[in-house]
Asker: 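This is the structure I want to talk about, given as structure tokens.
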Protein chains: 2
Amino acid sequence: MLKHKHNHDECIESALEAAQKICEERETRFTPLRRRVLELVWSKHQPITAYEVLDLLSEGQKRVAPPTVYRALDFLIEEGFVHRIESLNAFVGCSDPEHKHQGHFMICTKCSNVTEMNEKSLHDVIKKAAKENGYTYENSILEIAGVCENCRN
Amino acid sequence: MLKHKHNHDECIESALEAAQKICEERETRFTPLRRRVLELVWSKHQPITAYEVLDLLSEGQKRVAPPTVYRALDFLIEEGFVHRIESLNAFVGCSDPEHKHQGHFMICTKCSNVTEMNEKSLHDVIKKAAKENGYTYENSILEIAGVCENCRN
DNA sequence: TGATGGGTTGATATTTTATAACAATCAGGG
DNA sequence: CCCTGATTGTTATAAAATATCAACCCATCA
């Protein structure tokens, strides 16, 4: 799989720093465990399952139990640092943690890469559809499956 | 929970008939088991889990095993008679089985009722978003959570 | 200082959701 | 009737998530 390269270590580092900063502002606790789990979610740079995180987290130490991971993930999702991909039972780091939001995703069926869409227009259309159907909008998940540009070539 | 009444038996019956007819056209097999599972999915008229179907299916006879239900559901989804709601791990009858399509849903967080949206405009916007992000569209899930009209009152 | 209490993590067990693998059965064409 | 492929039955297990209670950490305040 050929893919556009970027400095991934840097990208992880900046996600961690952003999270740290936001937690300070919100006075929520970015504990070592939560930090480590966020780092592991980002490390794959693709959707990662809770149990994959668990395996990575357990390397070189006593195996941790599922609740440890799920609780950390719950926190990270709550803070908006991580999104859950429902159709994959997996998790990805959020590309825009400053603004809490539900994620809208494109998922490549060939390489499994995920692209988060932060398009306001799309969001607006979805909200509008909710209203037209008589619903008070709370949140939404949109997961589009398709083949990405790289994989098509 | 107050809700708009309709003749639900009739509504189940017509879903079964439609499925029957479509299977004849497609020359796929609408077996008694598949028919019964579709009937059970419709019977709740709300999202129903695979294991709830399993329980209902097992009433008054030897308990069936999970694969029996999952296989029937796979068939019904494949044929487009049933949709899976990813955010609930549950299933609902499709309101428009004639035309195979991915479902787009509104889910009420109060009463759990689900409304399927068959709006072409929404579908078009989603396809367009995929294209703009360089993806070849295959399919999509959209699940909007909110409060429905009845529950707001 | 050290008691208290909220939040976090650890640990054990279990529940919920889904699938793998193989055997038995059924339905339609030769 | 017999063969073949599809469907269903059966057993076992995997994968994903949660319930529950104990231990720990640490800030606050009497």
Side-chain angles (χ1 to χ4, degrees), chain A residues 19-20 23-24 26-41 44 46-79 81-92 112 141 143, chain B residues 19-20 23-24 26-41 44 46-79 81-92 112 141 143:
Chain A
Q20 175 96 51
C23 283
E24 277 164 18
R26 292 181 189 158
E27 299 187 37
T28 54
R29 295 176 54 192
F30 196 52
T31 63
L33 174 66
R34 289 166 176 175
R35 180 186 181 88
R36 179 71 179 130
V37 169
L38 180 56
E39 187 181 11
L40 291 172
V41 167
K44 199 177 167 198
Q46 275 192 358
I48 189 170
T49 69
Y51 279 75
E52 284 175 320
V53 171
L54 201 161
D55 289 342
L56 293 171
L57 190 57
S58 300
E59 278 177 7
Q61 63 160 101
K62 186 156 181 279
R63 184 164 180 81
V64 304
T68 299
V69 170
Y70 280 102
R71 283 189 295 227
L73 288 171
D74 285 347
F75 173 85
L76 297 170
I77 289 167
E78 177 64 29
E79 294 293 330
F81 305 153
V82 164
H83 292 297
R84 181 185 159 81
I85 311 282
E86 295 291 340
S87 60
L88 302 176
N89 290 345
F91 304 84
V92 287
S112 299
I141 69 175
E143 296 168 17
Chain B
Q20 175 98 49
C23 283
E24 276 163 21
R26 292 182 190 157
E27 298 187 36
T28 55
R29 295 176 54 192
F30 195 53
T31 64
L33 175 65
R34 290 165 175 175
R35 181 186 181 87
R36 177 73 179 132
V37 169
L38 180 57
E39 187 181 10
L40 291 172
V41 167
K44 198 177 169 200
Q46 276 191 358
I48 188 170
T49 69
Y51 279 75
E52 284 175 321
V53 172
L54 200 161
D55 289 343
L56 292 172
L57 190 57
S58 300
E59 279 178 5
Q61 62 160 102
K62 185 157 182 275
R63 185 165 180 81
V64 304
T68 299
V69 170
Y70 280 102
R71 283 188 296 226
L73 287 170
D74 286 347
F75 173 85
L76 297 171
I77 289 167
E78 176 64 30
E79 293 293 329
F81 304 153
V82 164
H83 293 297
R84 182 185 159 80
I85 311 283
E86 295 292 340
S87 60
L88 303 176
N89 291 343
F91 305 84
V92 287
S112 298
I141 69 174
E143 295 170 16

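Note that the structure is a prediction, hence the values are computed from the model and not measured. All chains are named by letter (A, B, ...) in the order of the sequence lines, taking the proteins before the strands, and each is independently numbered beginning at 1.
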Asker: Does anything in residues 47-64 of chain B reach DNA chain C, meaning a heavy atom under 4.0 Å, and if so which residues?
Answerer: B:Tyr51
Asker: How would you list, by chain and number, every residue that makes a salt bridge (Lys or Arg N to Asp or Glu O under 4.0 Å) with A:Arg35, sequence neighbours excluded?
Answerer: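 For A:Arg35, the residues satisfying salt bridge (Lys or Arg N to Asp or Glu O under 4.0 Å) (neighbours in sequence not counted) are A:Glu13.
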Asker: In whole Å, I'd like the distance from the CZ atom of A:Arg36 to the C1' atom of C:dT9.
Answerer: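 Rounded to whole Å, this separation is 17 Å.
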Asker: CD/B:Gln20 to CZ/B:Phe81 distance, rounded to the nearest 0.5 angstrom?
Answerer: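 Going from the CD atom of B:Gln20 to the CZ atom of B:Phe81 covers 9.5 Å.
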Asker: Find the distance B:Glu27:CD to C:dG29:C1' and express it as a whole number of Å.
Answerer: 14 Å
Asker: If you measure from CG on B:Leu56 to CD1 on B:Ile48, what distance do you get to the nearest 0.5 Å?
Answerer: 5.0 Å
Asker: Under the salt bridge (charged side-chain N to carboxylate O under 4.0 Å, His left out) definition, can you give me all pairs with a residue in residues 57-76 of chain B, not counting sequence neighbours?
Answerer: B:Asp55-B:Arg63
Asker: Would you name the heavy atoms of A:Val41 and A:Val92 that are closest together and state the gap between them?
Answerer: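 Closest pair (atom of A:Val41, atom of A:Val92, distance): CG1-C, 3.7 Å.
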Asker: For A:Phe75, check side-chain contact (heavy atoms from CB on, under 4.5 Å) against everything at least two apart and list the hits.
Answerer: A:Cys23, A:Thr28, A:Arg34, A:Glu79
Asker: Which sits closer to the 5' end of DNA chain D, B:Asn89 or B:Ala65, going by the nucleotide each is nearest to?
Answerer: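 Closest to the 5' end, via its nearest nucleotide, is B:Ala65.
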Asker: Could you tell me whether B:Thr68 contacts a base, only the sugar-phosphate backbone, or nothing, with contacts defined as non-hydrogen atoms closer than 4.0 Å?
Answerer: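 The residue B:Thr68 makes base contact.
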Asker: Taking salt bridge (Lys or Arg N to Asp or Glu O under 4.0 Å) as the test, write out the residues that go with A:Arg36, two or more places apart.
Answerer: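 For A:Arg36 the salt bridge (Lys or Arg N to Asp or Glu O under 4.0 Å) partners, ignoring immediate neighbours, are A:Glu39.
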Asker: If I take atom CZ in residue A:Phe30 and atom P in nucleotide D:dC26, what distance separates them, rounded to the nearest angstrom?
Answerer: 17 Å
Asker: Take atom CD1 of A:Ile85 and atom P of D:dA16, then tell me their distance rounded to the nearest Å.
Answerer: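 After rounding, the reported distance stands at 15 Å.
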Asker: How long is the line joining CG of B:Asp74 and C1' of D:dT7, in whole Å?
Answerer: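 Nearest whole value for this atom pair: 13 Å.
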Asker: Once rounded to the nearest 0.5 Å, what's the spacing between atom OG1 of B:Thr49 and atom CG of B:Leu88?
Answerer: 10.5 Å
Asker: Identify the two heavy atoms, one from B:Val69 and one from B:Leu57, that lie closest to each other, and give their separation to 0.1 Å.
Answerer: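 Shortest heavy-atom separation between B:Val69 and B:Leu57 comes out as CG2-CD2, 3.9 Å.
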Asker: Any side-chain N or O of B:Tyr70 below 4.0 angstrom from OP1/OP2 of C:dT19?
Answerer: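 No, B:Tyr70 has no side-chain N/O under 4.0 Å of OP1/OP2 on C:dT19.
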Asker: Residues two or more places apart in sequence or in another chain: which of them pass salt bridge (Lys or Arg N to Asp or Glu O under 4.0 Å) with A:Glu143?
Answerer: none
Asker: What nitrogen or oxygen pairs link the protein and nucleotides 20-24 of chain C at under 3.5 Å?
Answerer:
none

Asker: If the condition is salt bridge (Lys or Arg N to Asp or Glu O under 4.0 Å), which residues does A:Arg84 pass it with, not counting sequence neighbours?
Answerer: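 A:Glu86.
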Asker: Using heavy atoms to find the nearest nucleotide of DNA chain C for A:Pro66 and B:Arg84 separately, return the residue whose nucleotide is more 5′.
Answerer: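 With A:Pro66 and B:Arg84 compared, the 5'-side residue is A:Pro66.
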Asker: Nucleotides 4-8 of chain C: which of its N/O atoms have a protein N/O under 3.5 Å away?
Answerer:
from: C:dT8; atom 1: OP1; to: A:Arg34; atom 2: NH1; distance (Å): 3.2
from: C:dT8; atom 1: O5'; to: A:Arg34; atom 2: NH2; distance (Å): 3.4

